[in-house]
Q: 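Here it is: the structure, laid out below.
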Amino acid sequence: MMRIGWLGVWVMSLVGTAIADFVHPGIAHSKESLVLVKGKIEAGKEPWKSSWEALKESRYANLDWEPRTRARVERGPSNRLREGSDEYLRDADAAYTHALIWALSGEEAHARKAAEILDAWSGTLKSIENHDAKLLVGMAGYPFCNAAELLKHTWDGWPEDRQERFGTMLRKIWNPIIRDFYPTANGNWDASMIQTLMAMGVFLDDQVMFDWGKNYYLHGSGNGAIGNYFKKSGQCQESGRDQLHTHMGLEFLSNACETAWTQGIDLYGAQDNLLLKGFEYTAKYNLGNEVPYEPYRSVDGRYLYRGISDKGRGRLSPIYEKVFNHYHHRKGLEAPFVKKVLEKGRSGRRDRGSSARETLMFSGEED
């Protein structure tokens, strides 16, 4: 088999080589997972019933939602100089929420609303700029792609020309921004771009783009690659920074793993289930326990975190369902501290909509 070097893969990703045979829908949710959750909802089983109700009551599920598009989106360092960035991120979550409600309920008004949001952005956006451009694409791209993937493969009402226009936005605007990652940034940056490149690859049926993200997860040079984001103990590159950004990095990496799993590839098991160790370490510390820590110097020495950070300690983001579902329910592995986080309360500390979505779609079979 011919091996394509990194430069070759990069060049091929620019021209958009679509050579894949992907499972569809196939980013965060497969046809089988949607059928499973529908059955749980119809049977009135918990926690699906309550999570479904919470998702529908989320502000992102409101059918009066109006996309607030900008031709130029930007965000500067430390969240300064925001121009359309908040709206961009919120619209991504709204599109995803409406598409998922459509896929589970068959209520076509939600499909139309999701399409309205996607079409508004693909027909307006010209550039994403400034310091946080890569991060904005990485964070918003994943929910946007999930929405588009669900619509494309579960609804016949999204015109092909609008699907193509959305795909053009991915290739012409997003891909040039994130394709080379940001190796020296804190790891959640690379992690966000990994999840979105893989999601883009699935939506576009572009194997090269998908593999670009997958291979960076496994072998990348930056702080977000699995071998750099974690120590063998599970300590994370950002554990000494603060707990919010650590949770972000973990969330984005787990999203990439779930996309790969949907496509029949096991990234979860990489480096002896190192992702699970990272979740267990972070859950243990945020539940009030002590954990070992060693000073962590990031790639190229840009950051040196000498001790674990208690900033944000105990503020548990709703990111644990997916990994518990995989490692415990699918693989039969123990994840005691992750389990305790879920027992502590599935509501999390973030927006109700995203928390409900995670519980709804990734609870797995209850013990």
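Please read these numbers as outputs of a predicted model, since none were measured by experiment. As a basis for the values below, the full set of heavy atoms in this structure was taken, side chains included, without hydrogen atoms, waters or symmetry mates.
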Q: Considering residues, nucleotides and ligands other than N79, do more than 12 of their heavy atoms fall under 6.0 Å from its CG?
A: yes
Q: Parallel, tilted or perpendicular: which describes the rings of Y60 and W65, with under 30° parallel and over 60° perpendicular?
A: tilted
Q: For T262 and I27, what are the C-alpha separation, side-chain angles and deciding distance, and is it a side-chain contact (heavy atoms from CB on, under 4.5 Å)?
A: CA-CA 7 Å; T262 303; I27 301 177; over 6 Å; no
Q: Is the F230-Y281 ring centre distance short of 6.0 angstrom?
A: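 No, the ring centres sit 6.0 Å or more apart.
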Q: Between Y88 and F144, is the ring centroid distance below 6.0 Å?
A: yes
Q: Looking at R357 and D93, is there a salt bridge between them, counting it only when a charged N and a carboxylate O are closer than 4.0 Å?
A: yes
Q: Is the closest basic N to carboxylate O distance between D180 and K134 below 4.0 Å?
A: yes
Q: N325 side chain to E321 main-chain N or O, any donor-acceptor pair under 3.5 Å?
A: no
Q: Is there a side-chain contact between L267 and W261 (heavy atoms, below 4.5 Å)?
A: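 No - every pair of side-chain heavy atoms lies 4.5 Å or more apart.
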Q: I need the full list of salt bridge (charged side-chain N to carboxylate O under 4.0 Å, His left out) pairs touching residues 147-170, with sequence neighbours left out, sorted by first then second residue.
A: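 Passing the test, one end in residues 147-170: D119-R162.
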Q: Looking at every non-hydrogen atom in both residues, tell me the closest pair between W121 and M169 and how far apart they are.
A: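 For W121 versus M169, the nearest heavy atoms are O-SD, 3.9 Å.
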Q: I would like to know whether S239 and Y293 meet side-chain contact (heavy atoms from CB on, under 4.5 Å); could you show each step before the answer?
A: CA-CA 9 Å; S239 297; Y293 186 89; 4.1 Å; yes
Q: Run the salt-bridge test on E258 and R330 with the 4.0 Å N-O cut-off and return the result as yes or no.
A: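 Answer for the salt bridge query: yes.
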Q: Quick test of your reading of the model: are E53 and K49 salt-bridged, counting only N-O distances below 4.0 Å?
A: yes
Q: Donor-acceptor pair, Q237 side chain versus S298 backbone, under 3.5 Å?
A: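 No: the side chain of Q237 does not pair with the backbone of S298.
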Q: So do W52 and I101 actually touch side chain to side chain, heavy atoms under 4.5 Å?
A: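 In short, these two side chains touch, coming nearer than 4.5 Å.
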Q: Could you tell me whether a side-chain N or O of E32 sits under 3.5 Å from a main-chain N or O of L36, the two making a donor and an acceptor?
A: no
Q: Is there side-chain contact between T259 and Q195, with heavy atoms separated by less than 4.5 Å?
A: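 The answer is no; the side chains never approach within 4.5 Å.
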Q: Determine, step by step, whether E116 and K113 satisfy the salt bridge (Lys or Arg N to Asp or Glu O under 4.0 Å) criterion, reporting the C-alpha distance in whole Å, the side-chain angles of both residues, the deciding distance to 0.1 Å, and the verdict.
A: CA-CA 5 Å; E116 176 189 338; K113 180 57 67 174; 3.0 Å; yes
Q: Between L125 and I173, which heavy-atom pair has the shortest distance, and what is it?
A: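 In this case the closest contact between L125 and I173 is O-CD1, 3.2 Å.
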Q: Could you go step by step and tell me if E42 and L104 meet the side-chain contact (heavy atoms from CB on, under 4.5 Å) rule?
A: CA-CA 10 Å; E42 290 169 359; L104 292 171; over 6 Å; no
Q: Determine yes or no for a side-chain-to-main-chain donor-acceptor pair under 3.5 angstrom, with D266 supplying the side chain and Y268 the backbone.
A: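 Yes; judged by distance alone, with no hydrogens or angles, the pair exists.
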Q: Is there a path from V299 to Y229 through hydrophobic residues (I, L, V, M, F, W, Y) whose side chains come within less than 4.5 Å of each other?
A: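 Shared cluster, no.
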Q: Between F324 and F362, is the gap from one ring center to the other below 6.0 Å?
A: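 F324 vs F362: aromatic centres not under 6.0 Å.
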Q: For the side chain of N273 and the backbone of L276, is there at least one donor-acceptor N/O pair under 3.5 Å apart?
A: no
Q: Indicate yes or no for a side-chain donor-acceptor contact from T359 to the backbone of S355 under 3.5 Å, with no hydrogens or angles considered.
A: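 Side chain of T359 to backbone of S355: a pair is present.
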Q: Taking the six-membered ring for Trp and the single ring otherwise, decide whether the centroids of H247 and F279 are under 6.0 Å apart.
A: no
Q: Heavy-atom distance under 4.5 Å between the side chains of R179 and M193, does that happen here?
A: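 With C-beta onward as the side chain, the pair stays apart.
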Q: Ring centroids only, cut at 6.0 angstrom: are F181 and W189 within range, meaning strictly under it?
A: no
Q: Do N223 and P183 make a side-chain contact, defined as non-hydrogen atoms from C-beta onward lying under 4.5 Å apart?
A: no
Q: Check whether N286 reaches the backbone of T282 with its side chain - one donor and one acceptor, N or O, closer than 3.5 Å.
A: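 At least one qualifying donor-acceptor pair exists.
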Q: I want to check something: taking the side chain as every heavy atom from C-beta on, are R70 and T124 in contact at a cut-off of under 4.5 Å?
A: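 Answer no - side chains too far apart.
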Q: Using side-chain hydrogen bond (donor to acceptor under 3.5 Å, both in side chains), reason through Y216 and D190 one step at a time and then give a plain yes or no.
A: CA-CA 9 Å; Y216 196 91; D190 272 357; 2.8 Å; yes
Q: Checking the side chain of Y217 only, and the main-chain atoms of A191 only, is there a donor and an acceptor separated by less than 3.5 Å?
A: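 Between the backbone of A191 and the side chain of Y217 there is no qualifying donor-acceptor contact (under 3.5 Å).
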Q: Under 4.0 Å between a side-chain nitrogen and a carboxylate oxygen: does that hold for R171 and D206?
A: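 Between D206 and R171 there is a salt bridge, with a charged N closer than 4.0 Å to a carboxylate O.
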Q: So with a 6.0 Å cut-off around CZ of R68, is the heavy-atom count from everything else above 12?
A: no
Q: Taking only Lys NZ, Arg NE, NH1 and NH2, and the carboxylate oxygens of Asp or Glu, determine whether E83 and R72 approach each other closer than 4.0 Å.
A: no
Q: Indicate yes or no for a side-chain donor-acceptor contact from S309 to the backbone of K311 under 3.5 Å, with no hydrogens or angles considered.
A: yes
Q: Please check if the number of heavy atoms outside K56 that lie under 6.0 Å from its NZ is greater than 12.
A: yes
Q: Can you sort out the partners of L81 under side-chain contact (heavy atoms from CB on, under 4.5 Å), two or more places apart, ordered by chain and number?
A: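 Partners of L81 under the side-chain contact (heavy atoms from CB on, under 4.5 Å) test: N130.
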Q: Are more than 12 heavy atoms from other residues, nucleotides or ligands located less than 6.0 Å from atom CD of E334?
A: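 Open: at most 12 neighbouring heavy atoms sit under 6.0 Å from CD of E334.
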Q: Which heavy atom of M248 sits nearest to which heavy atom of N188, and what is that distance?
A: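 Heavy atoms only, the tightest pair is CE-OD1, 3.8 Å.
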Q: Would a distance-only check, ignoring hydrogens and angles, find a side-chain to backbone donor-acceptor pair under 3.5 Å from E74 to R82?
A: no
Q: In the structure I gave you, are the side-chain heavy atoms of D242 and D310 within less than 4.5 Å of one another anywhere?
A: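 They are not in side-chain contact.
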Q: Taking the six-membered ring of Y285, is NZ or CZ of R313 closer than 6.0 Å to its centre and within 45° of its axis?
A: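 Yes, cation above the ring, under 6.0 Å and within 45°.
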Q: Thinking salt bridges, do K277 and E280 make one under a 4.0 Å N-O criterion?
A: no
